[in-house]
Amino acid sequence: MLVTSVTGHLMEVEFEDRFRKWHSCDPADLYTAPIRKHVPEDKVDIKRTLEEEARKCHWLVLWLDCDREGENIAFEVMEVCNGVNRNLTIRRARFSALIERDIHEAAQNLIAPNQWFSDAVDARQEIDLRIGASFTRFQTMLLRDRFVIDSAQDDKNLVLSYGPCQFPTLGFVVERYWEIQSHEPEEFWTINCTHRSDEGLASFSWMRGHLFDYTSSVILYEMCVEEPTATVMKVQQQEKLKYPPYPLSTIELEKRASRYFRMSSEQTMKVAEDLYQAGFISYPRTETDSFSSRTDLHTIVQEHQEHPVWGSYAQRLLDPGAGLWRNPGNGGHDDKAHPPIHPTKFSSGESRWSQDHHRLYELVVRHFLACVSQPAVGAETVVEIDIAGERFSASGRVILAKNYLDVYRFESWGDSMIPVYVQGQQLIPTTLTLDSGITRPPPLLSEADLLSCMDKAGIGTDATMHDHIKKLLDRFYVTKDANTRFSPTNLGEALVMGYDDMGYELWKPNLRSLMEYDMKEVSMGNKSKAEVLATCLQQMKACFLDAKRIFFLLFRSDRSNGDDSSALGENVRPCGLCQEANMVLRKNRDGNFMVGCSGYPQCRNAVWLPGPVLEATITNNICNSCTPGPVYLIQFKFRQLEIPPGFNVNYLGCIGGCDETLRQLIEICGTGSRAQARGRPPTTTPSNGPPTTTPRNPQRSNSRQAPCIYCYQTGHASTDCPSRISATRHVQSHGMNQQNGESSIPCSTCGTPCVLRTANTANNRGRKFYSCSSQACNFFVWEDNLNNGSAPRSAPRPNISNSASNPSRTGGRGRGVQNAGRAAGVTFVSATGEPISGRRCFVCGDPSHFANACPSRGS
DNA sequence: GCAAGGTC
């Protein structure tokens with residue numbers, strides 16, 4: 001028996017020569033252009049070896065990975081060998097690890113090669129090539145000149161590639177970025193309680209989590225303050241186990257190396273390949289996360305007994321008396337081709353290893369030792385207390401046995417002690433506070449997150465995922481920060497938005513999933529290769545032609561005059577962003593107005609004007625307050641039916657940031673920006689410009705200046721938004737910022753007249769409320785509660801410690817209701833501000849019960 | 001100059 005090898009695929013698919021040059025044909029022709037499968041130059045020697053040996057042999061046994069790709073490679077080898085020897089008897093060996101018994105069994109149970117498996121791969125290769133080449137050529141040639149990339153690379157070499165794996169991967173990054181951009185912060189409230197005793201401190205958290213309604217939170221908080229005695233309702237003690245990880249697959253190795261060492265997936269695979277080739281670890285490209293029952297795990301552990309750092313742990317593992325051994329868990333994945341990544345040779349560190357080699361080898365060994373170890377054991381105590389009907393809980397944990405955590409230093413499980421409590425015990429909280437928080441957007445995707453997204457959506461394989469991520473970086477579609485978090489560049493975001501604008505989900509994982517499904521059908525013999533190719537390529541060609549048509553409309557060619565808006569008159573102001581050009585008033589093709597920098601596209605500073613603008617004319621009047629000036633005022637005419645009552649059709653306004661009326665109109669009616677209407681971050685460029693959401697990239701750089709998340713304008717950070725500053729001057733809670741006018745209702749706290757406003761928070765949008773017009777006062781009340789005769793309240797922001805036993809802090813400070821009736825610490829006034837005596841439920845207004853007994857509270 | 005999948 002003679003053994004030789006190939007190195008992955010022996011052949012490649014390629015277009016015939018006359019279609020190879022980019023300008024040789026219309027990219028649409030690539031859906032039907034003839035292709036050929038051939039052995040590339042660097043594999044010719046391997047082909048020659050195969051041919052030489054095949055001539056002398058009678059049998060050809062194919063020992064390749066037992067997956068679809070492996071089957072396809074087997075057919076490539078068969079084609080070459082059959083080419084020189086038609087009489088070969090050909091068989092396939094099925095094995096998945098270099099385990100002696102498996103190899104013997106495979107040799108004794110040879111099977112026929114599986115044509116369906118191979119066909120599925122042929123189909124994938126052809127589809128990937130045709131789609132990738134056609135879209136890449138097209139979008140590169142059309143769009144390359146439209147983007148200025150801040151790098152040393154010659155722009156002429158810039159390739160804007162499209163691929164069925166790289167684009168969905170980019171899609172994940174962009175989608176998360178959009179999610180962050182469109183996040184609307186919302187204030188919430190939570191009650192926190194602590195209790196200190198001789199034994200220590202327990203922090204109890206509110207079992208409701210948090211509420212977004214301030215008034216409800218205050219009511220519930222005050223009920224707790226009024227009756228602060230806590231009763232211990234439940235003390236639950238149980239043993240908790242923290243399990244070691246499953247055996248190591250490629251994705252897990254990449255994710256963990258990224259999390260623990262901030263190593264890129266690309267670097268991880270490079271180092272893993274080195275370690276594999278030097279024999280220190282097993283094959284690093286595997287989806288399998290369970291060991292075959294035939295694997296000799298003990299021998300692997302034995303090898304590490306002498307290691308200076310983890311040797312003693314390995315010895316404990318092998319000692320039956322220690323009881324540390326446990327057969328590894330099964331993660332449920334098996335690619336039938338390779339075992340999980342595990343150490344194959346002992347090393348206490350080689351002199352030529354880099355720090356990354358040391359780290360990765362250590363991770364593989366410790367992970368393996370952890371897999372065959374007992375879980376960590378902890379004793380957990382959960383205490384639930386009740387204060388005035390509200391439940392709070394605290395928990396403590398004592399670790400009884402660290403077990404695998406002794407060797408797996410990358411994970412931790414902390415101790416947290418709380419005092420001992422017994423059921424029925426009563427106690428007075430040490431602190432009871434009403435605390436506020438703000439909802440935050442999710443973080444940018446980390447490399448580990450991105451790998452998870454790809455894994456979940458079936459984008460790429462264990463061997464290629466890191467390639468797709470690297471490709472996004474190489475193509476300038478994304479950037480990665482020091483915390484391994486990814487943001488799209490202007491270019492990446494614009495491409496995704498371009499496809500999104502077309503309505504095609506070419507940047508979403510669905511396309512790949514559908515292809516995957518079809519491949520599976522082919523590999524099972526349910527569909528033929530030809531059938532899948534015909535359907536898929538026909539659909540993709542139609543999609544390509546449509547995309548081509550729309551892209552030409554979106555990105556019309558003449559850059560100097562490519563702006564789809566028309567300038568209307570003179571400059572409005574100097575541009576504060578690039579500080580080189582002027583901002584000019586423009587009207588877009590779709591009739592919407594904006595003021596954009598004349599330095600576009602180098603500078604993309606833009607201010608979108610309210611949607612209802614019918615006419616806009618620059619006047620000679622100059623704003624007295626806005627800088628950099630002069631900022632010329634604009635005479636607006638609004639569409640009567642599109643503006644709320646109280647606003648004039650004719651209005652002289654300033655776009656410099658000082659104008660409250662314009663700000664309110666934008667908040668209420670929105671701007672003419674395209675994307676805003678779809679809930680995406682607003683587009684700040686003219687509708688035919690490169691579609692980016694933000695006015696970034698001034699002066700050949702990729703630096704960002706995102707639009708303010710509150711007013712959607714540029715030129716200031718969200719934290720400095722003038723609209724927010726003026727809104728918070730009037731009301732405390734963000735979002736309650738639409739002022740309708742003054743009313744005669746006196747504030748029950750200070751007597752100053754209240755202002756009727758409309759809430760704009762997610763939970764209460766459109767709901768009217770009164771708030772005190774005094775900046776020093778926090779009073780507010782929902783209008784509908786007033787009409788129900790329910791409980792308008794002064795609403796100080798309590799954040800008090802040690803005050804639970806001093807509930808008098810809410811006592812009648814206000815002139816309006818100083819002598820109002822009080823029930824359980826709650827004051828009621830009527831719609832006219834008159835005090836009402838007697839108890840009423842805050843939630844539903846029913847006088848027969850109080851809020852803590854309201855039937856609706858269960859929900 | 002293009003895809004994704006093998007691999008060194």
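Values in this document were obtained by computation on a predicted structure and should not be read as measured data. Lettering follows sequence order; numbering is per chain, from 1.
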Check your understanding: OP1 or OP2 of dC2(B) less than 4.0 angstrom from a side-chain nitrogen or oxygen of K471(A), does that happen here?
Key -> no
**Study point:** Any donor-acceptor N or O pair under 3.5 Å, side chains E71(A), W116(A)
**Key:** no
Exercise for review: Scan P164(A) against the nucleic acid and name what it touches under 4.0 Å (heavy atoms): base, sugar-phosphate only, or nothing.
Suggested key: sugar-phosphate
Exercise for review: Check the distance between dA3(B)'s P and L160(A)'s CG and give it to me in whole angstrom.
Suggested key: 11 Å
Point to revise | Proximal nucleotide (of dA4(B), dC2(B), dT7(B)) relative to the A463(A) side chain | key: dT7(B)
Review point. Reckon T140(A) touches a base, only the sugar-phosphate, or nothing at all at heavy-atom distances under 4.0 Å?
Key: base
Review point. Contact class for F19(A) vs. all strands (heavy atom < 4.0 Å): base, sugar-phosphate, or nothing?
Key: nothing
Point to revise | Candidate pair F280(A) and H357(A), rule ring pair (Phe, Tyr, Trp, His ring centres under 6.0 Å), full reasoning | key: CA-CA 10 Å; F280(A) 292 106; H357(A) 287 81; 9.4 Å; no
Practice item. Give the nucleotide from the list dC8(B), dG5(B), dA3(B) with an atom nearest to the side chain of E69(A). Key: dG5(B)
**Study point:** Closest to side chain of A133(A), choosing from dC2(B), dG6(B), dC8(B)
**Key:** dC2(B)
Point to revise | H468(A) side-chain N/O to dG5(B) phosphate OP1/OP2 under 4.0 Å | key: yes
Study note, to complete from the structure: Among dA3(B), dT7(B), dG6(B), the one nearest any side-chain atom of H9(A) is dG6(B)
Practice item. Report the C-alpha separation of F346(A) and Y361(A) in whole Å, then their side-chain angles, then the decisive distance to 0.1 Å, and conclude whether the ring pair (Phe, Tyr, Trp, His ring centres under 6.0 Å) test is met. Key: CA-CA 10 Å; F346(A) 171 83; Y361(A) 181 72; 7.9 Å; no
**Study point:** Candidate nucleotides dG6(B), dC8(B), dG5(B), ranked by approach to the side chain of D65(A) - the nearest
**Key:** dG6(B)
Study note, to complete from the structure: Among the nucleotides dG5(B), dT7(B), dC2(B), whichever has the atom closest to the side chain of W22(A) is dC2(B)
**Study point:** N/O (side chain, R285(A)) to phosphate O (OP1/OP2, dT7(B)) under 4.0 Å
**Key:** yes
Check your understanding: Which residues, if any, of residues 111-122 of chain A bring a heavy atom under 4.0 Å of DNA chain B?
Key -> none
Check your understanding: If you check every side-chain atom of Q166(A), which of dC2(B), dA3(B), dG5(B) has the closest atom?
Key -> dA3(B)
Point to revise | Heavy-atom neighbours of R485(A) CZ exceed 12 at 6.0 Å | key: yes
Check your understanding: Which part of the nucleic acid, if any, lies within reach of F135(A) when heavy atoms closer than 4.0 Å are counted: base, sugar-phosphate only, or nothing?
Key -> nothing
Exercise for review: Write down the distance between CZ (R68(A)) and C1' (dA4(B)), rounded to a whole number of angstrom.
Suggested key: 13 Å
Point to revise | Interatomic distance where CG belongs to N72(A) and P belongs to dA4(B) [whole Å] | key: 17 Å
Point to revise | Selection from dA3(B), dG1(B), dC8(B) that lies nearest to any side-chain heavy atom of E273(A) | key: dC8(B)
Review point. Is the number of heavy atoms from other residues, nucleotides or ligands within 6.0 Å of CD (E41(A)) greater than 12?
Key: no
Practice item. May I ask you to test the R256(A)-L363(A) pair for a side-chain heavy-atom distance under 4.5 Å? Key: yes
Practice item. Examine dG6(B): is either OP1 or OP2 under 4.0 Å from a nitrogen or oxygen in the side chain of T7(A)? Give yes or no. Key: no
Check your understanding: Would you say the side-chain atoms of E447(A) and S265(A) include a donor-acceptor pair closer than 3.5 Å?
Key -> yes
Practice item. Check every strand shown and say whether I131(A) touches a base, only sugar-phosphate, or nothing at a heavy-atom separation below 4.0 Å. Key: nothing
Review point. Of the nucleotides dC2(B), dA3(B), dG6(B), which has the atom closest to the T464(A) side chain?
Key: dG6(B)
Revision key, fill the gap. Sorted by number, residues from residues 509-533 of chain A placing a heavy atom under 4.0 Å from DNA chain B are R512(A)
Practice item. Kindly indicate, with the supporting measurements, whether the criterion side chain to side chain contact (heavy atoms under 4.5 Å, CB included) is fulfilled by L158(A) and F476(A). Key: CA-CA 9 Å; L158(A) 182 69; F476(A) 306 103; 3.8 Å; yes
**Study point:** D26(A): partners by side-chain hydrogen bond (donor to acceptor under 3.5 Å, both in side chains), with sequence neighbours left out
**Key:** K548(A)
Practice item. Only one of L64(A), L110(A), L60(A), N114(A) passes side-chain contact (heavy atoms from CB on, under 4.5 Å) with R92(A); say which it is. Key: L64(A)
Practice item. Determine: side-chain N/O of T461(A) to OP1/OP2 of dG6(B), distance under 4.0 Å, yes or no. Key: yes
Review point. Which of these, F544(A), Y477(A), F135(A), W507(A), sits in a ring pair (Phe, Tyr, Trp, His ring centres under 6.0 Å) with Y162(A)?
Key: F135(A)
Check your understanding: When we call it a touch if two heavy atoms are under 4.0 Å apart, what does V13(A) touch: a base, just sugar-phosphate, or nothing?
Key -> base
Review point. Hey, does the side chain of Y276(A) come within less than 4.0 Å of dT7(B)'s phosphate (OP1/OP2), counting only N and O?
Key: no
Check your understanding: Which residue, G460(A) or K21(A), contacts DNA chain B at a nucleotide closer to its 5' end, judged by nearest heavy atom?
Key -> K21(A)
Review point. Can you tell which of dA3(B), dG5(B), dG1(B) lies closest to the side chain of C165(A)?
Key: dG5(B)
**Study point:** side chain to side chain donor-acceptor pair (under 3.5 Å) between Y276(A) and S282(A), worked out
**Key:** CA-CA 6 Å; Y276(A) 159 65; S282(A) 62; over 6 Å; no
Review point. When you match L30(A) and E12(A) each to their closest nucleotide on DNA chain B, which lands nearer the 5' end?
Key: L30(A)
Exercise for review: Scan E14(A) against the nucleic acid and name what it touches under 4.0 Å (heavy atoms): base, sugar-phosphate only, or nothing.
Suggested key: base
Check your understanding: Can you tell me how far P of dC2(B) sits from CG of L158(A), to the nearest Å?
Key -> 11 Å
Review point. How many Å lie between CG on L10(A) and P on dA4(B), as a whole number?
Key: 22 Å
Practice item. Please report, rounded to the nearest Å, how far the C1' atom of dC2(B) is from the CD1 atom of I127(A). Key: 17 Å
Review point. Could you state the CD1-C1' distance from I73(A) to dG6(B), rounded to the nearest angstrom?
Key: 5 Å
**Study point:** Length of the line joining L275(A):CG and dC8(B):C1', which is rounded to integer Å
**Key:** 15 Å
